> 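Mind having a look at this structure? Questions to follow.
Note: hydrogens, waters and symmetry copies are ignored here, and every other heavy atom, side chains too, is used. To find a chain, count down the sequence lines: A is the first, B the second, and so on, and within it residues start at 1. Quantities reported herein were computed from a predicted structural model and do not represent experimental measurements.
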Amino acid sequence: MATTDIGPPDYKEMLPEVIAKNYGKWKYHEDIKPGVLKHVSETGDEAFTVRCGSPRLVSVDLIRDLCDIADKYCDGHFRFTSRYNPEFITPNKDNIEPIIAAIEKIGLPVGGTGRGISNMIHTQGWIHCHGAATDASGVVKAIMDEMYDYFVGKKTLPQKLRISLACCLNMCGAIHATDLAVVGVHTRVPTIDHEHMTVLCELPTTQASCPTGAIRKHPDPNIKSVTVNDDKCMYCGNCFTVCPAMPIAHAEGDGIAIYVGGKVSNARKAPMFSRLVIPYIPNNPPRWPEVTSVLKNIVEVYASNAHPFERVGEWIERVGWERFFKLTGIPFVEQNIDDFELARDTLRTTTQFKW
Amino acid sequence: MATTDIGPPDYKEMLPEVIAKNYGKWKYHEDIKPGVLKHVSETGDEAFTVRCGSPRLVSVDLIRDLCDIADKYCDGHFRFTSRYNPEFITPNKDNIEPIIAAIEKIGLPVGGTGRGISNMIHTQGWIHCHGAATDASGVVKAIMDEMYDYFVGKKTLPQKLRISLACCLNMCGAIHATDLAVVGVHTRVPTIDHEHMTVLCELPTTQASCPTGAIRKHPDPNIKSVTVNDDKCMYCGNCFTVCPAMPIAHAEGDGIAIYVGGKVSNARKAPMFSRLVIPYIPNNPPRWPEVTSVLKNIVEVYASNAHPFERVGEWIERVGWERFFKLTGIPFVEQNIDDFELARDTLRTTTQFKW
Amino acid sequence: MDDKTPMMDELEKGPWPSYVKELKKAAKKSDAAKDLIKVQERSFEEKMTMWKHGGIVGVAGYGGGVIGRYISRPEEFPNVQAFHTLRINHPSGWFYKTDRLRELLDVWEKHGSGLCNFHGSTGDIIFLGTTSEHLQPIHDEITAIGWDLGGSGSDLRTPTGCVGPARCEYACIDTLDFIYNITMEFQNELHRPPFPYKTKIKASGCPNDCVAAIARADFSIIGTWHDNLRIDQDGVKEYLDSGFDVQGLVVNKCPTNALEMVNGKLELAWPEDCVRCMHCINMMSKAIRPGVDKGATILVGAKAPVIHGACLSSVIIPFMKMEPPYTEFKELWLKAMDWWDENGRTRERISELIDRVGMRMFLRAIDVEPVPQMVYRPRANPYVFFDKGV
Amino acid sequence: MDDKTPMMDELEKGPWPSYVKELKKAAKKSDAAKDLIKVQERSFEEKMTMWKHGGIVGVAGYGGGVIGRYISRPEEFPNVQAFHTLRINHPSGWFYKTDRLRELLDVWEKHGSGLCNFHGSTGDIIFLGTTSEHLQPIHDEITAIGWDLGGSGSDLRTPTGCVGPARCEYACIDTLDFIYNITMEFQNELHRPPFPYKTKIKASGCPNDCVAAIARADFSIIGTWHDNLRIDQDGVKEYLDSGFDVQGLVVNKCPTNALEMVNGKLELAWPEDCVRCMHCINMMSKAIRPGVDKGATILVGAKAPVIHGACLSSVIIPFMKMEPPYTEFKELWLKAMDWWDENGRTRERISELIDRVGMRMFLRAIDVEPVPQMVYRPRANPYVFFDKGV
Ligand code: SRM
Ligand code: SRM
Ligand code: SRM
Ligand code: SRM
Ligand code: SF4
Ligand code: SF4
Ligand code: SF4
Ligand code: SF4
Ligand code: SF4
Ligand code: SF4
Ligand code: SF4
Ligand code: SF4
């Protein structure tokens with residue numbers, strides 16, 4: 001009989017000494033330099049953190065390399081952040097530079113703190129998921145190569161800027177509230193494999209899966225299958241999630257949409273959803289140059305227009321979306337206008353707007 | 001053969017001389033005193049306007065009295081405002097006091113301009129409508145007696161405050177965007193007159209009329225009628241509007257709800273909807289004292305808390321609805337929380353709030 | 001039943017003018033008005049309306065303009081057994097010449113209760129209470145003296161506009177002329193209900209929106225300007241000299257911080273940020289005025305709650321010049337009506353249709369390109385149609 | 001088919017660390033990893049995923065923790081024919097001791113591709129790619145060394161919390177202890193999918209919300225305080241002396257204007273207006289701190305778009321003390337789960353159920369009184385239920 005339900009290891013065992021000792025006693029922190037934080041405790045203790053980037057999809061060897069660094073400088077402990085970044089914590093200021101050197105030696109960039117761009121939250125993409133409308137790791141690599149200077153602190157921004165990616169509308173990164181969201185999208189109606197429908201799928205579940213009610217029973221009672229009303233289908237792929245007999249991926253139709261201006265922190269403004277600015281960019285592996293260049297443009301326009309400490313969404317809401325489209329030169333198209341369930345609240349019910 | 005389609009009289013014939021002459025040439029205006037405006041034209045001409053209140057539901061005699069005043073002081077012209085108030089316009093400053101005296105003589109109050117409370121937009125109520133869940137003219141009289149000082153300028157407010165009333169959810173005054181809205185509401189499920197159903201009503205229309213889909217075909221195929229799912233019915237009375245066999249009025253159940261904070265002007269803030277603050281107050285004719293006292297309370301709390309030139313809704317949105325409920329002492333109840341189609345957008349998706 | 005009406009009598013008291021007094025004045029000449037007081041008293045006692053659904057009544061050749069109304073207890077209130085209302089189309093801006101108005105009142109006194117609403121909340125004069133036999137004579141007699149019925153039923157309702165250029169320095173469009181022009185042009189749509197449901201047009205001369213167009217009309221025409229507002233520094237000086245707090249009450253309250261005080265001058269420092277909200281103009285009417293390139297923003301969709309909740313109108317055309325004969329507007333409106341007519345369900349207002357099928361369908365039908373001015377912000381959900389390909 | 005992977009090779013270039021290099025490292029020891037590179041190259045060529053829907057695979061006694069995955073072209077890529085992932089529950093706060101972690105990696109290298117995600121976007125360690133036969137042995141071996149699977153399917157997913165008191169001066173609750181405590185308490189709910197659909201819990205120590213709880217968890221626990229934030233004037237002076245623009249960057253940016261500079265002192269002049277947004281604290285961590293009466297705001301409902309569009313969590317309990325054993329929270333959560341379980345449809349998240357039946361039903365089920373803190377603003381529509389009478 002297998003052991004079950006033992007749960008994860010107790011975190012207390014995992015804490016570095018300086019952390020265990022000063023747990024709950026931290027007083028303030030300072031940004032020492034890009035990638036390096038100093039936290040000061042009420043006990044007078046100091047903890048220095050060195051953060052670095054990671055591709056997230058890693059070999060066990062890379063993790064072992066990280067362990068080596070931790071063993072050498074951090075009493076055998078390290079952690080990851082909520083955005084996949086390894087962090088090395090030490091009470092010893094003199095360890096900072098050696099840790100940085102060790103990190104750089106294994107090919108990782110030190111950075112990701114402060115007013116710049118941290119690592120991208122992302123998902124599986126073509127590496128592992130059956131539903132992916134675009135790749136994840138490949139696109140992320142292309143984007144982060146472009147944004148590198150903002151990670152390592154060579155360039156800074158008015159405030160933190162988060163980029164996230166999900167390879168389909170399931171949005172596994174929950175990236176619906178992020179400064180820049182990159183989302184894989186289908187744009188073709190699913191095809192239907194009537195032959196395997198009943199073997200592979202439960203018809204009522206399949207019908208219920210459709211947000212717009214586009215899926216109906218097949219009109220021919222002899223065919224135990226469904227039909228899709230093309231006019232109502234907006235290619236969300238939710239039917240495919242529950243029913244493999246409705247494949248939706250399409251080499252020419254699949255691609256990427258860009259959403260902008262979300263945030264989750266409650267600082268200054270309440271959390272905001274990201275908003276669709278570019279409905280479709282075709283997949284263009286291995287470097288998705290159209291995607292990287294629109295993101296670069298948005299980041300630069302933000303950098304030169306926002307007030308200090310203003311997140312992307314705060315800036316846009318202050319100046320207005322009409323101004324955002326003007327400044328970035330992104331064309332406004334019918335897809336930008338909501339027509340789903342809460343659409344009405346997005347319509348501009350005032351004469352107040354900018355030209 | 002009757003004459004048809006001649007339309008209303010040409011407005012040009014209806015204009016007072018000073019208006020016709022300075023049409024489109026007005027330069028600025030001044031508030032002379034409560035109820036009196038002065039408009040100055042680029043030609044140098046001046047027009048003085050004296051505005052007064054009216055019960056809206058009037059006899060021809062009262063209109064003839066107004067005509068008399070107009071004949072005497074305003075070259076036989078006068079107008080009404082979009083809130084039912086008669087206005088007398090004269091180029092002659094010396095006419096102001098005589099006009100005021102004449103107006104007061106026929107029992108009307110001079111006022112309704114500037115930062116106070118103007119006449120109430122309202123509807124028919126028990127005077128004429130079959131759907132009324134409360135009266136209109138009676139409630140309006142009771143409220144305006146209470147608000148009189150704000151109309152005649154004895155008391156002023158931070159900014160204009162509009163009160164409107166509709167006697168059922170059809171909201172004929174379109175009062176969904178007014179500072180204080182008084183709305184007649186039913187709170188009981190309609191009864192069904194199965195016997196007369198098919199004579200009086202079209203079944204599909206009746207079913208379609210229900211916003212929540214509470215109306216179904218009668219399960220017994222022999223009964224050509226409908227049933228109502230009590231759990232889904234929120235007493236909107238829309239079924240009764242299209243189907244007389246579904247009466248919904250109920251002496252004990254009918255009453256008044258209070259909505260607060262709407263506006264239509266685009267000044268400073270975009271137009272806003274009024275929001276439910278008190279879901280139900282029983283009808284209490286002839287003076288609806290519970291209604292008048294809650295309105296008075298809200299007006300006074302607004303008067304002593306808002307910034308200058310801040311409308312009710314602007315004030316509340318600035319300080320927060322939690323503060324509004326605290327300051328007014330109005331209890332917050334489950335009905336205040338939206339559960340209709342756009343409910344999600346009203347939920348507080350942030351940790352930012354006041355205690 | 002006794003004839004005492006204590007609750008009605010109570011409402012004769014108090015400072016606000018009393019409608020009960022009006023009822024009583026009318027009751028002196030009209031039995032119907034007399035009964036109406038009793039009806040009202042009974043409603044107060046029983047906390048219920050005494051009225052039934054109206055039947056179909058009207059005048060020859062028209063499908064609207066009359067609301068049929070019957071009492072539920074004809075034995076008790078015989079004189080208001082039938083008590084219909086007529087809606088009389090007001091002149092633009094609700095201006096009246098007394099002789100013309102008196103003629104109209106005379107007709108009503110002859111044929112009805114002598115009670116009326118000045119005005120109904122759509123904007124008509126309401127003649128309140130008469131019997132079926134009188135309807136046609138009333139119509140014949142009022143048309144003979146140059147008046148006509150307003151709208152009711154599934155038609156274009158009586159359009160209304162603010163006082164505008166007649167007495168307001170802010171007017172950016174000629175609301176009176178526009179309203180009169182379209183009322184005359186669309187007499188057929190107004191009198192013979194051709195649509196899936198009612199539809200309304202209201203016009204305000206500026207964003208203050210004094211006829212509440214944005215809340216109460218399917219088509220809301222609101223005056224605005226496309227260039228910069230005009231500031232007269234002498235005027236500013238006057239305000240400053242008078243002690244008026246220009247910085248606190250004007251500059252600081254501009255919603256987009258477009259204004260600035262520079263060396264005692266008030267400047268539209270960021271003209272491209274001005275959203276023409278009117279606040280500074282309202283505060284300093286002697287010193288600040290709209291620009292000179294005037295026109296209107298056209299917004300669509302306001303209505304009351306039934307069925308999907310109340311709507312405010314939303315921007316469809318950010319800027320349209322509004323000169324007679326208003327061809328551009330009329331073509332737009334007719335295209336919109338055609339589309340609604342073809343696609344709308346019974347009792348579905350145009351905003352509900354837009355909600356149901358999507359704004360893009362509406363824009364295509366009226367040949368209008370999407371612009372960001374139409375929305376506060378783009379969609380958050382990813383449920384996007386590409387029916388024209390990618 | 002040739003073995004060249006030019007597009008993969010391209011992604012070895014550039015300054016950001018390359019996942020392709022990681023794949024290649026793993027490929028040295030694992031044929032599956034080797035095939036994975038080819039799979040990825042083929043996807044790049046064909047612009048399509050090569051993966052099929054997963055079948056049901058798992059470990060004894062558990063209903064979750066494994067995602068089954070098969071390749072659509074087993075002939076072409078035989079070594080990834082089956083390529084399942086395991087989700088390993090991380091320790092609170094993602095802290096690791098290297099010896100414990102190395103043991104875990106060894107198990108994975110022995111039984112799988114040697115590729116992993118540190119971490120998955122829910123927060124698990126993801127072991128990426130193995131065959132069905134290896135699943136049970138992996139589980140047996142990791143439990144033997146003190147690790148366990150995380151969640152998948154219709155269960156409580158692996159809860160996560162921010163670094164909190166371990167290294168953050170802002171923490172108002174002990175996120176690490178709380179997450180560990182509930183993870184242990186609800187092992188059954190985590191391993192044996194009992195619900196209509198997945199459900200998530202995340203905890204952040206303060207409103208900065210560094211685990212995005214408000215956007216990514218059905219239950220979002222966010223630290224806050226009920227008294228006033230604390231200002232140390234010596235600290236303020238230091239900032240001022242350093243030339244930091246306290247007025248412009250802090251006072252002026254407070255969303256509710258609760259702060260004021262008075263004679264060189266920074267004061268919370270309107271304490272009742274502070275909405276604990278963290279901005280001033282973030283800006284001046286040496287001078288401003290949360291209050292001392294600490295606890296959490298509990299918000300409910302965040303999720304991704306499927307089916308009704310994405311949701312953010314909304315306030316359910318404005319303030320709850322969070323002390324071990326967290327009984328109040330656990331009772332609340334269990335009541336909510338019971339209600340969801342009884343009323344939720346298949347694949348309906350709790351926020352979708354709340355939307356469908358109304359917040360009042362949820363509040364009644366969890367015995368919570370409505371308070372205005374739950375909403376930005378009250379309803380605008382008049383469609384109100386009175387099922388408990390008036
Ligand atoms: C380490 C980490 C928590 C963890 O448990 O892993 C963390 C740690 C800190 N966060 Fe964070 N945040 C972390 C993810 C987040 C997230 C979540 C996310 O990015 O997915 C958010 C919400 C982002 C959003 O709104 O979209 C987040 C919003 C903040 C904010 C609010 C920023 C704002 O103004 O909106 C602050 C305050 C600030 O930056 O001044 C903050 C501040 C901090 C401080 C300064 C807190 C402290 O005193 O120690 C920490 C160092 C910040 C830095 O990186 O410069 N942290 N922080 C996470 C690092 C992620 C990374 O590797 O980049
Ligand atoms: C006469 C009338 C137009 C008409 O065609 O009949 C009118 C006339 C003027 N309005 Fe108005 N408004 C009139 C209804 C409205 C309405 C509609 C309503 O109340 O139903 C509104 C929208 C109200 C709302 O937002 O809910 C309205 C919002 C304004 C505003 C914006 C106020 C604000 O700050 O929100 C101004 C500007 C101001 O007050 O400074 C304004 C300003 C004015 C000015 C000063 C314009 C001018 O320069 O002549 C006029 C005199 C105002 C006064 O009463 O002190 N008028 N005004 C209407 C008088 C109604 C009445 O009898 O009380
Ligand atoms: C007379 C008037 C109220 C008043 O006392 O002023 C009125 C009276 C009625 N309205 Fe209205 N509406 C009146 C202005 C409005 C307005 C305001 C406006 O036009 O600015 C609205 C809100 C704006 C809108 O159009 O949505 C309005 C929204 C309704 C509705 C709800 C329509 C909707 O789509 O939500 C109904 C219900 C219906 O159409 O079945 C309605 C239905 C009715 C009916 C015909 C009752 C019915 O169920 O058929 C009422 C007849 C009452 C009677 O017996 O006299 N009435 N109605 C107003 C017309 C007077 C006039 O012509 O000047
Ligand atoms: C592995 C992971 C992505 C990653 O690369 O990090 C992932 C992968 C999958 N998710 Fe997810 N989700 C992952 C975190 C999330 C998150 C983020 C979070 O938890 O913070 C979300 C958004 C938050 C939420 O719960 O709504 C998320 C929302 C979804 C959804 C949409 C659920 C919804 O209600 O909208 C689906 C669709 C479904 O459940 O059928 C989904 C379904 C899936 C499936 C199982 C595909 C499917 O259709 O059944 C994916 C398996 C991919 C594979 O082959 O490996 N995944 N998924 C994440 C879990 C790793 C971990 O345990 O640490
Ligand atoms: S976002 Fe979609 S495609 Fe990507 S991992 Fe999640 S379910 Fe799979
Ligand atoms: S892709 Fe989405 S919208 Fe289209 S049929 Fe499938 S579930 Fe419905
Ligand atoms: S609001 Fe309702 S009850 Fe009142 S007049 Fe209009 S339809 Fe009749
Ligand atoms: S009153 Fe409204 S909710 Fe109730 S059955 Fe009638 S239409 Fe439906
Ligand atoms: S809407 Fe503008 S133009 Fe018309 S009356 Fe009001 S302030 Fe004047
Ligand atoms: S009109 Fe409004 S937005 Fe424009 S400058 Fe004046 S106050 Fe500012
Ligand atoms: S959420 Fe707050 S307590 Fe937790 S790490 Fe972020 S700033 Fe610190
Ligand atoms: S925490 Fe936020 S709301 Fe409170 S005083 Fe500081 S900046 Fe203002």
> Look at the side chain of Asn257(D) and the backbone N and O of Trp270(D), then say whether any donor-acceptor pair between them is shorter than 3.5 Å.
no
> Anything under 30° is parallel, anything over 60° is perpendicular, the rest tilted; go ahead and classify Trp355(B) against His226(D).
parallel
> Between the side chains of Arg323(B) and Asp273(D), is the shortest nitrogen-to-carboxylate-oxygen separation below 4.0 Å, so that they form an ion pair?
yes
> Determine whether the aromatic ring centres of residues His130(B) and Phe240(B) are separated by less than 6.0 angstrom.
yes
> Chain B heavy atoms under 4.5 Å from His308(D): which part of the residue, side chain, backbone, both or neither?
neither
> Centre of Phe353(B)'s six-membered ring, under 6.0 Å away, within 45 degrees of the axis: is that where NZ or CZ of Arg276(D) sits?
yes
> Which answer fits Lys326(B), side chain, backbone, both or neither, if we ask what part of it has an atom under 4.5 Å from a heavy atom of chain D?
neither
> For His307(B) together with Trp315(B), are the ring centres under 6.0 Å from each other?
no
> Determine which residues belonging to residues 347-363 of chain D lie within contact range of chain B, meaning some heavy atom pair is under 4.5 Å apart, and list them by number or answer 'none'.
Ser351(D), Asp355(D), Gly358(D), Met359(D), Arg360(D), Leu363(D)
> Run the ring-centre check on Phe273(B) versus Tyr259(B) and record whether the distance is less than 6.0 Å.
no
> Below 30° counts as parallel, above 60° as perpendicular, anything between as tilted: where do the rings of Tyr280(B) and Phe386(D) land?
perpendicular
> What residues of residues 369-383 of chain D sit under 4.5 Å from chain B when only non-hydrogen atoms are counted?
Pro370(D), Val371(D), Pro372(D), Gln373(D), Met374(D), Val375(D), Tyr376(D), Arg377(D), Pro378(D), Arg379(D), Ala380(D), Asn381(D), Pro382(D), Tyr383(D)
> What option among Thr350(B), Val185(B), Val183(B) has the most heavy-atom pairs under 4.5 Å with chain D?
Thr350(B)
